There are 2 protein chains.
Amino acid sequence: MQATRPTMRDVALRAGVGVGTVSRVVNKNDKVRPETRARVEQAIAETGFHRNELARMLRPGQITATIGLVIDDLANPFSSAVASGAGRVAGQRDHVLLIGSTERDVETERDLIREFVRRQVDGLLIISNDLKPVDETITIGDLPIVYIDRAPVANRYDRVMLDNHTGVKSALNRLVSDGHRRIAYVGGSPTAITGATRLRSYRQVLQGHGLPVDPELVSMHNYTADDARESVIALLGRRRPPTAIFSDNNRMTYGAIQALTALDSRTALAGFDDIELADLLPFEIDLVVYSPSDLGAKGAAQLFRRIDGDTGAARTIRVPTRLDRRGRRFHTGA
Amino acid sequence: MQATRPTMRDVALRAGVGVGTVSRVVNKNDKVRPETRARVEQAIAETGFHRNELARMLRPGQITATIGLVIDDLANPFSSAVASGAGRVAGQRDHVLLIGSTERDVETERDLIREFVRRQVDGLLIISNDLKPVDETITIGDLPIVYIDRAPVANRYDRVMLDNHTGVKSALNRLVSDGHRRIAYVGGSPTAITGATRLRSYRQVLQGHGLPVDPELVSMHNYTADDARESVIALLGRRRPPTAIFSDNNRMTYGAIQALTALDSRTALAGFDDIELADLLPFEIDLVVYSPSDLGAKGAAQLFRRIDGDTGAARTIRVPTRLDRRGRRFHTGA
DNA sequence: ATGAAAGCGCTAACAA
DNA sequence: TTGTTAGCGCTTTCAT
């Protein structure tokens with residue numbers, strides 16, 4: 001269906017030179033007589049020649065200038081922000097991004113990684129849902145890999161992680177110092193790496209303050225904002241309701257906001273992740289915010305360090321979080 | 001820096017067969033004696049062989065199973081939703097997405113397209129900012145291309161477009177039927193294809209209702225939510241302020257919301273694009289909503305039709321919009 | 001400065 | 001059923 005495109009041979013024939021000369025012209029660097037170069041360039045223009053990168057990449061020692069990015073789902077703003085940061089850094093290095101979505105399925109993730117390896121990517125950036133490190137299931141060789149946001153417990157690769165613990169701690173500290181003693185936790189899957197980490201921090205921080213961890217106040221398995229809304233409504237209906245809520249991520253926070261608004265409740269709220277329009281809320285809210293695109297950018301930067309030959313020990317790079325009080329900004333007159 | 005990976009030759013040597021047999025095993029389809037196949041598969045496992053896709057793709061008549069996607073910026077939720085839809089469809093066809101961001105720069109866009117052509121993509125999906133059709137600046141041959149969301153005025157390619165006119169019309173009709181006669185327009189760049197289209201519709205619809213188009217009520221060149229906020233504040237400060245505002249896109253809508261909230265104004269608001277948390281607003285708002293991922297999905301679907309050999313006339317595929325009244329949902333008791 | 005030719009890893013045609 | 005081989009388009013010696 002695709003008419004065969006002109007090759008260097010076609011250009012060479014037309015310009016009356018050898019293919020080697022065409023290659024030299026295309027690659028700018030070499031010494032070619034200006035007059036010859038002009039003839040070749042004209043032939044290129046006339047034929048509409050584009051070098052076949054696949055053929056170039058096939059030659060030994062050539063890079064593909066391609067980074068593979070494995071993410072959950074492009075529709076997820078977190079993932080797409082990571083992709084954006086990674087893409088920016090890759091672009092600066094004249095690399096292109098091959099992106100695949102796993103939909104959180106481990107087999108899909110492995111298939112995607114295999115596919116990218118087969119396509120000879122120069123490096124791999126992975127937001128993984130696999131409990132096993134990639135080199136346990138796939139022969140990776142010495143292909144540089146950087147895990148982003150989460151990573152299997154023991155593995156030999158670099159990782160760029162959010163400072164989850166500090167984030168959870170800062171939010172809970174704020175709630176505690178505001179006088180709260182009964183702080184609920186609203187989360188999703190307890191086996192998801194990030195969720196498990198944050199839940200652990202929640203328990204740890206409460207205990208650090210000498211507060212009991214009441215299982216009644218921990219609501220897990222909320223997978224949508226609607227789930228979270230119902231769970232929060234249920235929590236607030238208890239005999240001894242919480243006076244504050246910590247939500248594990250932005251979906252949970254949305255649900256909690258809906259519940260609080262619907263019930264006209266004054267329960268305090270803090271949550272992980274930023275949310276749009278938070279400033280327009282009629283009550284205050286503490287958010288653990290950070291730059292998701294930094295995760296991608298720092299991941300890509302570290303990947304290029306490896307690609308450039310850095311063989312040092314695996315690094316863990318932290319992306320900081322910040323506690324931000326939001327809401328009521330435009331309600332000061334009310 | 002990358003140790004050389006095992007090739008089919010290595011596998012063949014180890015299994016004591018010819019490379020042709022290894023190729024047959026890897027490509028499943030052919031007739032290979034089960035015993036031979038087993039030997040080869042073991043050799044593959046032992047060597048950790050991954051077929052080099054670049055070499056495969058180089059053979060004549062082979063596809064690369066790659067779709068190039070050219071977008072503004074992955075950080076933009078609209079773009080990433082388009083990418084998500086396109087990626088889903090591409091995945092169903094076992095194709096992978098090569099994604100590049102133009103940052104709205106025409107030269108970057110052209111460079112990216114050239115790069116994707118060089119990489120032998122099977123098709124190209126473009127959210128373009130170029131006023132010229134791609135085949136006027138780049139030799140494309142018969143590579144299938146589908147424009148998404150916007151397209152140069154005259155070109156020979158398929159396009160998937162939002163029904164902008166109907167969207168603007170539905171919102172303005174609603175405002176007019178609510179009794180509004182002075183409806184302001186808050187927009188961005190008047191030369192951006194989408195913005196120009198919507199502004200034209202605005203004028204057209206007002207005139208259709210026999211309403212004057214007051215230039216005083218048209219505020220262009222707002223590029224951020226902050227710009228829009230200030231512009232709306234200025235608009236409302238006029239001697240004869242508008243009684244309603246139409247905002248060209250989500251950033252403008254955010255700014256307008258901020259302005260309205262800050263001024264505690266009851267000016268009506270309608271806008272293009274959905275926004276998160278709209279239901280939590282203390283006032284009603286009419287939004288022109290649609291599925292951005294549908295743009296990507298339908299674009300990819302049409303692209304595959306072309307890849308599959310459809311040579312019919314260029315099609316314009318419309319993605320519908322819907323007017324949605326939002327806000328106050330959780331304020332019913334107030 | 002330039003042409004000729006080898007070879008990258010693979011698939012497919014041909015031979016056996 | 002299986003091995004051998006030509007050749008995809010390119011880069012890169014090696015001659016000239």
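Small disclaimer: the values here were computed from a predicted structure and weren't measured. Protein chains get the first letters and strands the later ones, always in sequence-line order, with residue 1 at the start of each.
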- Is a side-chain donor or acceptor of A:T66 paired with a backbone partner of A:T64 at a separation under 3.5 angstrom? yes
- A:L143 pairs by side-chain contact (heavy atoms from CB on, under 4.5 Å) with which of A:I113, A:I138, A:V117, A:I307? A:V117
- Task: Go through the side-chain N and O atoms of A:R305 and A:Q302 and say whether any donor and acceptor fall under 3.5 Å apart.
- Result: yes
- Note on the structure: Outermost contacting nts on DNA chain D, any atom under 4.0 Å from chain B heavy atoms, listed 5' then 3', are D:dT1 to D:dG9
- Task: Establish, from distance only, whether the side-chain atoms of A:N155 and A:D135 form a donor-acceptor pair under 3.5 Å.
- Result: no
- Query: With a 4.5 Å heavy-atom cut-off, do A:N52 and B:Q120 have their side chains touching?
  - Reply: yes
- Within the structure shown, what part of the strands sits under 4.0 Å from B:T7 by heavy-atom distance: base, sugar-phosphate, or nothing? sugar-phosphate
- Sugar-phosphate only, base, or nothing, as touched by B:Q62 at under 4.0 Å among non-hydrogen atoms: sugar-phosphate
- Message: On DNA chain C, compare the nucleotides closest to A:V19 and A:R33; which residue's is nearer the 5' end?
- Response: A:R33
- Please work out if B:V32 contacts a base, only the sugar-phosphate, or nothing of the nucleic acid, heavy-atom cut-off 4.0 Å. sugar-phosphate
- Under 4.0 Å between any heavy atoms, over every strand shown, what does A:R51 touch: base, sugar-phosphate, or nothing? Just pick one. sugar-phosphate
- Task: Identify whether any heavy atom of A:V17 sits under 4.0 Å from a base atom; if not, whether one sits that close to sugar-phosphate; answer base, sugar-phosphate or nothing.
- Result: sugar-phosphate
- Query: Within a radius of less than 6.0 Å around CZ of A:R9, do more than 12 heavy atoms belonging to other residues, nucleotides or ligands occur?
  - Reply: no
- Note on the structure: First and last nt of DNA chain C near chain B, cut-off under 4.0 Å to heavy atoms, 5' to 3', are C:dG9 to C:dA12
- Task: Specify the residue among B:G20 and A:R9 whose closest nucleotide of DNA chain D lies further upstream toward the 5′ end.
- Result: B:G20
For residues 10-25 of chain A, tabulate all N or O donor-acceptor pairs below 3.5 Å that involve a side-chain atom, not counting sequence neighbours.
from	atom 1	to	atom 2	distance (Å)
A:D10	OD2	A:T7	N	2.7
A:D10	OD2	A:T7	OG1	3.4
A:R14	NE	A:E46	OE1	2.5
A:R14	NH2	A:E46	OE1	3.3
A:S23	OG	A:N27	ND2	3.3
A:R24	NE	A:G20	O	3.4

- Message: Regarding A:R93 and A:D122, does a basic nitrogen lie under 4.0 Å from an acidic carboxylate oxygen?
- Response: no
